[in-house]
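Following: one structure in structure tokens, then a few remarks.
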Amino acid sequence: MTEREHQFMQAAIELARQGMNNGEGGPFGCVIVKDDKIVGQGCNAVTSSNDPTAHAEVMAIRNACQHLQVHQLTGCELYTSCEPCPMCMGAIYWARPDKVFFGGTRFDAADAGFDDSFIYEELTVPMESRKIPILNIGREEAVKLFEEWIEKPDKVKY
Ligand SMILES: [Zn+2]
């Protein structure tokens with residue numbers, strides 16, 4: 001770990017601490033860095049905003065993209081106080097930062113009552129055996145949308 005990496009990780013941890021102490025949500029914080037500057041940040045706000053997706057990484061990605069007016073984070077680094085959960089991992093892959101650093105591990109989080117192991121397990125279970133029923137219906141109509149997308153002349157590809 002370099003000194004600059006240490007500083008940005010400390011910033012993510014301090015955001016997590018502030019969010020926790022301000023009653024925003026769980027103890028999670030995230031900063032996004034471009035050219036050695038913080039261009040986006042977020043802390044967990046699940047309980048205060050009644051938003052189950054308001055994880056620190058998602059908040060920081062939204063904040064950075066708004067700030068930079070981009071829809072992907074090429075050239076950026078993401079520092080998060082804890083290993084990203086599967087949802088945030090998905091968001092990170094969509095945002096495409098260059099590199100990700102995390103502080104605590106998912107096992108540290110589980111020790112504090114934040115256990116996302118069931119999601120990792122569910123992803124390996126066949127669709128028909130998952131705890132929340134997930135059913136494929138209306139495919140024919142839905143697929144027409146993709147045909148319309150393929151034909152759309154003015155689309156912004158991503
Ligand atoms: Zn998450």
Side-chain angles (χ1 to χ4, degrees), residues 1-125 127 130 132 134 142 145-146 149-150 152 154-158:
M1 181 173 60
T2 66
E3 181 52 35
R4 67 180 281 287
E5 289 165 359
H6 176 71
Q7 278 180 12
F8 290 129
M9 181 54 71
Q10 282 303 118
I13 291 169
E14 198 41 47
L15 266 176
R17 182 170 285 118
Q18 282 172 19
M20 173 181 77
N21 289 335
N22 291 341
E24 293 191 52
F28 302 94
C30 178
V31 298
I32 292 171
V33 173
K34 187 170 193 181
D35 301 329
D36 286 333
K37 282 197 214 73
I38 293 176
V39 293
Q41 62 179 46
C43 66
N44 183 291
V46 168
T47 51
S48 63
S49 62
N50 292 322
D51 181 353
T53 70
H55 288 195
E57 298 91 329
V58 170
M59 303 295 274
I61 288 169
R62 288 178 179 164
N63 186 241
C65 288
Q66 286 297 308
H67 180 221
L68 298 172
Q69 288 292 294
V70 295
H71 59 264
Q72 62 180 54
L73 295 173
T74 313
C76 295
E77 294 172 343
L78 186 148
Y79 295 79
T80 178
S81 64
C82 186
E83 183 176 346
C85 76
M87 174 185 73
C88 292
M89 206 52 106
I92 287 165
Y93 277 104
W94 285 121
R96 301 183 179 106
D98 288 2
K99 213 173 199 179
V100 174
F101 300 88
F102 66 92
T105 68
R106 70 172 92 157
F107 306 105
D108 299 326
D111 288 343
F114 300 99
D115 192 359
D116 52 13
S117 60
F118 74 98
I119 304 178
Y120 286 101
E121 285 159 20
E122 279 286 279
L123 291 174
T124 67
V125 170
M127 200 89 79
R130 293 192 186 166
I132 298 175
I134 302 179
L145 275 174
F146 291 124
W149 170 257
I150 290 164
K152 185 175 165 59
D154 61 340
K155 63 188 167 232
V156 179
K157 286 192 180 180
Y158 63 95

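- Scanning both residues, C43 and G19, for their nearest heavy atoms gives SG-CA, 3.8 Å.
- Between V156 and H71 the shortest heavy-atom distance is CG1-CE1, 4.2 Å.
- Screening residues 64-79 for salt bridge (Lys or Arg N to Asp or Glu O under 4.0 Å) gives R4-E77 as the qualifying pairs, with residues at least two apart or on separate chains.
- Here L145 pairs with E148 under the side chain to side chain contact (heavy atoms under 4.5 Å, CB included) rule; sequence neighbours left out.
- The salt bridge (Lys or Arg N to Asp or Glu O under 4.0 Å) analysis of residues 107-116, with sequence neighbours excluded, yields no pairs.
- Counting only distance, with no hydrogens or angles, the side chain of S81 and the backbone of G103 share no donor-acceptor pair below 3.5 Å.
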Contacts under 3.5 angstrom, residues 55-68 side chains, donor-acceptor by atom type, not counting sequence neighbours:
unit_1, atom_1, unit_2, atom_2, d
E57, OE2, T80, OG1, 3.1
N63, OD1, Q41, N, 2.9
H67, ND1, V39, O, 2.9

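- Taking the side chain to side chain donor-acceptor pair (under 3.5 Å) definition, one finds that N22 meets it with nothing, sequence neighbours left out.
- For Q7, the side chain to side chain contact (heavy atoms under 4.5 Å, CB included) partners at least two apart in sequence or on another chain are E3.
- Here I13 contributes atom CD1 and C82 contributes atom SG; the two are 10.0 Å apart, rounded to the nearest 0.5 Å.
- Rounded to the nearest 0.5 angstrom, D35 CG and C76 SG are separated by 8.0 Å.
- Residues passing the side chain to side chain donor-acceptor pair (under 3.5 Å) test with T53, sequence neighbours excluded: D51.
- Under the side chain to side chain donor-acceptor pair (under 3.5 Å) criterion, K37 pairs with no residue at all, not counting sequence neighbours.
- Evaluation of the salt bridge (Lys or Arg N to Asp or Glu O under 4.0 Å) test over residues 5-34, restricted to residues two or more places apart or in two chains, returns E14-R17.
- Sorted by first and then second residue, the pairs that involve residues 6-43 and meet ring-ring contact (aromatic ring centres under 6.0 Å, His included), not counting sequence neighbours, are F8-Y79, F28-F114.
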Donor-acceptor contacts, no H, no angles, side chain residues 83-97, under 3.5 Å, sequence neighbours left out:
unit_1, atom_1, unit_2, atom_2, d
E83, OE1, R106, N, 2.9
E83, OE2, R106, NE, 3.0
E83, OE2, R106, NH2, 3.4
R96, NH1, Q72, OE1, 2.8

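- Taking both residues in full, the closest heavy atoms of L15 and G29 are given as CB-CA, 4.3 Å, listed atom of the first, atom of the second, then distance.
- Taking the salt bridge (charged side-chain N to carboxylate O under 4.0 Å, His left out) definition, one finds that K152 meets it with D154, sequence neighbours left out.
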Step by step, would you call I32 with L73 a side-chain contact (heavy atoms from CB on, under 4.5 Å)?
-> CA-CA 9 Å; I32 292 171; L73 295 173; 3.7 Å; yes

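- Here the straight-line distance linking atom OG1 of T124 with atom OH of Y120 works out to 12.5 Å at 0.5 Å rounding.
- Atom NZ of K99 has 12 or fewer heavy atoms from other residues, nucleotides or ligands within 6.0 Å.
- The main-chain N or O of P27 is never found under 3.5 Å from a side-chain atom of N44 such that the two would form a donor-acceptor pair.
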